[in-house]
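All of these numbers come straight from a predicted model, not from anything done at the bench.
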Amino acid sequence: MEKLKCLALVGGGALVGAVSTLFLLKLRPRKIESQCGKKATKLNEATAKCWIDSGNGNCGTGGLNLLSDEIVSEQLTRNIQFFGLDSQQKVTASYIVIIGLGGVGSHAASMLLRSGVGKLLLVDFDQVSLSSLNRHAVATRADVGIPKAECLKKHFSSIFPECQIDAKVLLYDVSSEEEILSGNPDFVLDCIDNIDTKVALLAACVRRGLKVLSATGAGARADPTRIRVADLRESTNDPLSRAVRHRLRKDYGIEGGIPVVFSLEKPKAKLLPFRGPSGEEDNPSDYQIVPGFRVRIIPVLGTIPAIFGQVMASYVVTQLAGLHVQTEPVVNLDVDHYQMLLQRLMEHEESLYGTAMEVEMGSGEGSIHFKFNSSKISRVTVDVILGLPLLLCDVIFSLKADEHERRTLDDIKEKEPEIFSHVTSVLKRAEQDFGL
């Protein structure tokens, strides 16, 4: 009997202990969440006061240091480890304007937020549609029909609540320029796909001296390895870039100096024909809600706009942090270009040696090879090759003559110092120019 009483007491105590432990475990996250919420609220209030007092939309290094908060610093710990505390503070104290919040803009804004940017202005006049969910960063079916700017703000508040987010359901034009671009933003991201609006925004940023990064056409592409960041003057295979370049030069006298994210890939699809309510092809301009905005649809693989946005965010964050990144040079030579170079090489060889039979061009594994089956290589031939972007395309000299196969670099340096010196100087210049 005594044993049964003891067992009952032990069992009852264990049961009470288990229930208590379960209760405490459930209660603890709520307390942590409550503490996070209180801290975020206090930080938001203090941050807002700082921005209002500063009068220019940016606290700078003298403003409130969000990174001094334990939760914020832990959330951004990987960035701090990557950039260093001082550089991350520059990111956290920055103010970014993103205009156009579709597939590209939503992903750019999302990663800027997750990177700790302290203030964001989100601008778009459009609403979330069901067909845009294949490329939007955060929108769900429940968000369909609400403004894109408000959709992002709603989701962002649960990701990094310390960020001061302003959402404007606005179309950028001359009348809204001051409202959108005032406040001395550290960067403006142009994620607009309408030519007129895009050109007006870029021209305004240049006029105001604001740093701007522009996204060009991300639709109808599929190869993420062809995406580049370069000056607008260097963008190729992109109809949107070409039109923007022409308009900026014609209407505003702007030749370049604007960094853009673009793809070297030629579009794999065209605008779809527009069909009216009857199902027949119709004039799309008759259905424009906003004048000048495209009604026809271009097919989009959702991954490519997302990568465009990620590239934009990475570019901006590294710029803000002061981290220099050597971007990939733009080299886009097609087979016709290589054939032209081969013809020039053959003409040089023929003029010097009376024949061009020793020169041939082949390809393999994505590289172009120029082979010289003779021991004769003139300085002029070297000039033709090394003086062109082919240096970046894996140009290979195949010196098949026995004499050359037995020779070392020291031998060439000693017996043909002019060729050795010239090639060495060109290669050194290429290393400096292209970070090779």
Cut-off 3.5 Å, no hydrogens considered: what does the side-chain donor-acceptor table look like for residues 199-212, sequence neighbours left out?
unit_1 : atom_1 : unit_2 : atom_2 : d
R207   : NH2    : E177   : OE1    : 3.0
R207   : NH2    : E177   : OE2    : 2.4
R208   : NE     : E177   : OE2    : 2.9
R208   : NH2    : E177   : OE2    : 3.3
R208   : NH2    : E178   : OE1    : 2.7

Residue pair L152, L113: steps toward the side-chain contact (heavy atoms from CB on, under 4.5 Å) verdict:
CA-CA 11 Å; L152 285 180; L113 177 88; over 6 Å; no
Evaluate side-chain contact (heavy atoms from CB on, under 4.5 Å) for R135 paired with V300, printing each intermediate quantity in order.
CA-CA 8 Å; R135 57 194 181 277; V300 180; 3.9 Å; yes
side-chain contact (heavy atoms from CB on, under 4.5 Å) between L213 and Y315: does it pass, once the steps are laid out?
CA-CA 9 Å; L213 175 63; Y315 178 90; 3.6 Å; yes
Donor-acceptor under 3.5 Å (R245 side chain, L232 main chain)
yes
Report the distance from atom CG of L181 to atom OH of Y172, rounding to the nearest 0.5 Å.
4.5 Å
Side chains of H155 and D143: is there a donor and an acceptor less than 3.5 Å apart?
yes
Are the side chains of C191 and L101 in contact, using a 4.5 Å heavy-atom criterion?
no
Measure the CD1-CZ distance between I71 and F160 for me, rounded to the nearest 0.5 Å.
11.0 Å
To the closest 0.5 Å, what do you measure between CG (L240) and CG (D238)?
5.5 Å
For the residue pair I307 and P224, what are the closest heavy atoms and their distance?
CD1-CB, 3.5 Å
Contacts of type side-chain hydrogen bond (donor to acceptor under 3.5 Å, both in side chains), residue D231, not counting sequence neighbours:
R233
Please determine, by modelled atom types, if D173 and S176 share a side-chain donor-acceptor pair under 3.5 angstrom.
yes
Interatomic distance, OG1@T303 vs CD@Q310, rounded to 0.5 Å, equals 11.5 Å
Got a second to check how far T318's OG1 is from L323's CG, nearest 0.5 Å?
6.0 Å
Within the side chain of R221, is there an N or O that forms a donor-acceptor pair under 3.5 Å with the backbone of E265?
yes
If you define the side chain from C-beta out and look only at heavy atoms, does anything of I195 sit under 4.5 Å from R247?
yes
Keeping S73 on the side-chain end and D69 on the backbone end, is there a donor-acceptor pair under 3.5 Å?
yes
Less than 4.0 angstrom from a charged side-chain N to a carboxylate O is my criterion; do D193 and K198 meet it?
no
Looking only at heavy atoms, what is the nearest atom pair of S106 and A137, with distance?
OG-N, 3.0 Å
Excluding sequence neighbours, so at least two apart, what forms side-chain contact (heavy atoms from CB on, under 4.5 Å) with A313?
M111, L112
Would you find a donor on one side and an acceptor on the other, under 3.5 Å apart, between the side chain of E162 and the backbone of L67?
no
Partners of K168 by side-chain contact (heavy atoms from CB on, under 4.5 Å), sequence neighbours excluded?
L121, V123, D166, L170, E179
Could you tell me which non-hydrogen atom of A215 sits nearest to which non-hydrogen atom of F308, and how far apart they are?
CB-CD2, 4.5 Å
Salt bridge (charged side-chain N to carboxylate O under 4.0 Å, His left out) pairs, two or more places apart, involving residues 144-153
D126-K148
Steps toward side-chain contact (heavy atoms from CB on, under 4.5 Å) verdict (L248, D251):
CA-CA 5 Å; L248 283 172; D251 298 344; over 6 Å; no
Nearest 0.5 Å, what's the NZ-CD1 distance between K154 and I165?
13.0 Å
For H246 and S241, indicate whether the former's side chain and the latter's backbone hold a donor-acceptor pair under 3.5 Å.
no
Give the minimum heavy-atom separation between A269 and A220, together with the two atoms involved.
O-CB, 3.5 Å
Side chains of residues 78-87: which donor-acceptor partners sit under 3.5 Å, not counting sequence neighbours?
unit_1 : atom_1 : unit_2 : atom_2 : d
S87    : OG     : A321   : O      : 3.1

Would you name the heavy atoms of D190 and S214 that are closest together and state the gap between them?
OD2-OG, 2.6 Å
Side chains of D186 and S94 only: does a donor on one sit below 3.5 Å from an acceptor on the other?
no
Could you tell me whether the side chain of V128 reaches within less than 4.5 Å of the side chain of L133, counting heavy atoms only?
yes
For residues R114 and I159, determine if any side-chain heavy atom of one lies less than 4.5 Å from a side-chain heavy atom of the other.
yes
State whether a side-chain donor-acceptor pair under 3.5 Å links T236 with R242.
no
Can you check whether M312 reaches V104 side chain to side chain, under 4.5 Å on heavy atoms?
yes
Tell me whether S263 contacts the main-chain N or O of I227 through its side chain, where contact means a donor paired with an acceptor under 3.5 Å.
no
No-hydrogen, no-angle side-chain donor-acceptor test under 3.5 Å, N65 and S68:
no
What's the shortest heavy-atom distance between L189 and A108, and which atoms?
CD2-CB, 3.7 Å
